[in-house]
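Below is one structure; the comments refer to it alone.
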Amino acid sequence: MNHRRKLMIALSAGVTTAPLAAFAQAVNPPAGKTWRIGYLAQSKRASGAPFYAAFMQRLREIGYVEGGNLVVEARFAEGAPARLPG
């Protein structure tokens, strides 16, 4: 097999497996690290609750545990966008 063909095979293998490695890192949070996430919503707390619950559920599905390796600070503007910067 010539060198050009070997190079093409190696590059093709690298390009196809790199996204898998990145996905594995995104899905499996690093052990021992605590992540801090800010959740901002323009809505009122009651009307935004289903979206916040779905957000938290997905974080749990991919391995983040609130109070364990995750701290979430949620802020709701209560329908007043001017409150968001504060």
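Note on ring orientation: taking the six-membered ring where Trp is involved, the planes of Trp35 and Tyr64 are perpendicular (angle over 60°, cut-offs 30° and 60°).
Looking at heavy atoms from C-beta onward, Tyr52 lies in side-chain contact with Val72 at the 4.5 angstrom threshold.
In the hydrophobic clustering of ILVMFWY residues, with side-chain heavy atoms under 4.5 Å counting as a link, Met56 and Tyr39 come out together. Both Ile62 and Ile37 belong to a single network of hydrophobic side chains, linked directly or stepwise wherever heavy atoms of I, L, V, M, F, W or Y lie under 4.5 Å apart.
The one candidate from Gln42, Arg45, Arg83 that meets the side-chain contact (heavy atoms from CB on, under 4.5 Å) condition with Phe76 is Arg45.
Heavy-atom neighbours of Phe51 CZ from other residues, nucleotides or ligands within 6.0 Å: at or below the threshold of 12.
In plain terms, the two heavy atoms of Ala41 and Leu84 that are nearest each other are O-CD2, 3.9 Å. Looking at every heavy atom in both residues, Gly48 comes nearest to Ser43 through CA-OG, 3.5 Å. Residues Pro81 and Pro85 share a closest heavy-atom pair of O-CD, 3.8 Å.
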